[in-house]
Amino acid sequence: MSKSDILFKRAQESIPGGVNSPVRAFKSVGGNPIFMKKAKGAYMYDADGKQYIDYINSWGPMILGHAYGPVVEAIREKVYDSTSFGAPTELEIEMAELIKSMVPNVDLIRMVNSGTEACMSAVRLARGYTGRNKIIKFEGCYHGHADAFLVKAGSGVATFNIQNVPGVPATVSRDTLTAPYNDLQAVETLIAQNPGEIAAIIIEPVAGNMGCIPPAEGFLKGLRELCTKEGIVFIFYEVMTGFRLAAGGAQERLDIDADLVTYGKVIGAGMPVGAFGGKREIMEHIAPLGNVYQAGTLSGNPIAMIAGVTLLTELKNNPSIYTELEEKTAYLHTGLQSILSQGNTPFKINRVGSMISVHFSSEEVTDFGAAGRANNALFNQYFHYMLDNGIYLPPSAFETWFICNALTNADIDRTIEVTGSFLAGRN
Ligand code: KE4
């Protein structure tokens, strides 16, 4: 029995499903989760000391690799000044000013402790600002586990195929309207059916929770125009895309202006951090300026802030990182495309920047339905074959792969080679 198996058995005695976040449990891919002990750069090491090339990177935060030197040193130094004050600090101003210097359309920004908190706060703000209750989300997009978002959600909700999450009252879910991703007409219909009632349209500008699904040409621009015309708050959920697709995130890369934007993952460098921000006229409704209440004991925590400020500063001062990430992911894309084309298994590869996913599908994967129709049983076999060979992919076909800048071409060559041997074993 591996140490991970022993630890998993023990974990289940005290933690629901043995994990603190469902998607880690390998429930959809089968088998027992691997318990990690440490990680450095592009590699994780499990409880038995086995090395894995990491394509999860903590679901996004480790964009420069694990235990990134400057982040480690910054935390080590800061921790002696206490781990929390519950009072404002200069470091929080530095974080807010740094984010404002990197992204467009953010006049004010509030720190929170997770992407979920950022997304739920942004929706409450949009509702408070407009006086409207309904929101439009897209099938397969995941915005954290707040009640309003657990309607046709992606990530773990899709992985476990939970159609209706128990505990989410119908009185809440009825205000969450859904449309297929990339279907502008469906959004126009929802708006026409709910005139003057929609507070916000919320979207992952590049979807990453049903695999990676790029926005179709004109889709985001169309949503922007609809929001402007109807007085609807347009919210970009950049928890995954923020500071990954570009220093300015999807707003910069795709040249679309959001009214509010949420962040997470990268901005904490692995520490628990989320944030929501946007136009002053909207953000001024947040307490203590306005009456839309939102709070957090550990929001702006100094250790989380120093980690995030250090990582974001590295990204801001070294724009070549984004070129390198792009080149590495393109190299992986080209290699996978070539090796998969040599087999007779239908597949599609979706990619935007350093977000990439492989779908064993003969149809283009442009929305949640297509992602669900793919041969995901085959993906599960692929996942385990790669894992057995020391390559850790996200344990679900409904997740994007994350590339870190510590990944080398040798790691990528290995990934491509093992993919080839997986296919060879099938043909
Ligand atoms: P957290 O509350 O997990 O920090 O963030 C929620 C969230 C919000 N918005 C987007 C676009 C997200 O991708 C996420 C979280 N992503 C998943 C991975 N697809 C987190 C992994 C997990 O749930 O363990």
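Since this is a predicted model, take the numbers as computed values, not measurements. All ligand and atom numbering here is 1-based and tracks the order in the structure.
A salt bridge is defined here as a Lys NZ or Arg NE, NH1 or NH2 lying under 4.0 Å from an Asp or Glu carboxylate O, and K328 with E324 fails to meet this definition. Checked for salt-bridge contact, K100 and E97 miss the test: no charged N lies under 4.0 Å from a carboxylate O. Between R253 and E326 there is a salt bridge, since at least one side-chain N of the basic residue sits less than 4.0 Å from a carboxylate O of the acidic one.
Closest to atom 11 (C) of ligand 1, if we only count protein heavy atoms, is Y142 O, 3.2 Å. Regarding atom 22 (C) of ligand 1, its nearest protein heavy-atom neighbour is S21 OG, 3.3 Å. What sits closest to atom 6 (C) of ligand 1 on the protein, heavy atoms only, is G144 CA, 3.6 Å. Closest to atom 13 (O) of ligand 1, if we only count protein heavy atoms, is N209 ND2, 3.0 Å.
Which parts of ligand 1 touch V23 is read off a 4.0 Å heavy-atom cut-off, strictly below it: atoms 22 (C), 24 (O). For ligand 1, the atoms closer than 4.0 angstrom to any heavy atom of S155 are 17 (C), 18 (C), 19 (N). Of all the atoms in ligand 1, the ones that sit under 4.0 Å from a non-hydrogen atom of S114 are 2 (O), 4 (O). Interface of E204 with ligand 1, defined as ligand atoms under 4.0 Å from a residue heavy atom, comprises 11 (C). Of all atoms in ligand 1, listed by their number and element, those nearer than 4.0 Å to a heavy atom of M240 are 13 (O), 19 (N).
Taking distance alone, with nitrogen or oxygen atoms compared against 3.5 Å, T116 approaches ligand 1 more closely than that limit.
Taking the six-membered ring for Trp and thresholds of 30 and 60 degrees, F360 and F422 have ring planes inclined between 30 and 60 degrees apart.
Taking only non-hydrogen atoms, the option from G115, A25, A207 nearest to atom 5 (O) of ligand 1 is G115.
Under 4.0 Å from ligand 1, the heavy atoms of K265 that appear belong solely to its side chain. Under 4.0 Å from ligand 1, the heavy atoms of E399 that appear belong solely to its side chain. Here H143 has backbone heavy atoms under 4.0 Å from ligand 1, and that is the only part of it that gets that close.
Judged by the 6.0 Å and 45° rule, K38 forms a cation-pi pair with Y45. Geometric assessment of K137 against the ring of F149 yields a negative cation-pi assignment under the 6.0 Å and 45° thresholds.
Distance screen at 4.0 Å: atom 3 (O) of ligand 1 has no protein heavy-atom neighbour inside the cut-off.
For F219 and F138, the distance between ring centers is under 6.0 angstrom.
To the nearest 0.5 Å, atom CG of residue L325 and atom CG of residue L245 are 10.0 Å apart.
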Can you list the steps and then say if F236 with L220 is a side chain to side chain contact (heavy atoms under 4.5 Å, CB included)?
-> CA-CA 10 Å; F236 263 22; L220 295 176; 4.2 Å; yes
Salt bridge (Lys or Arg N to Asp or Glu O under 4.0 Å) between R224 and D259, worked out = CA-CA 9 Å; R224 174 66 274 172; D259 296 318; 3.0 Å; yes
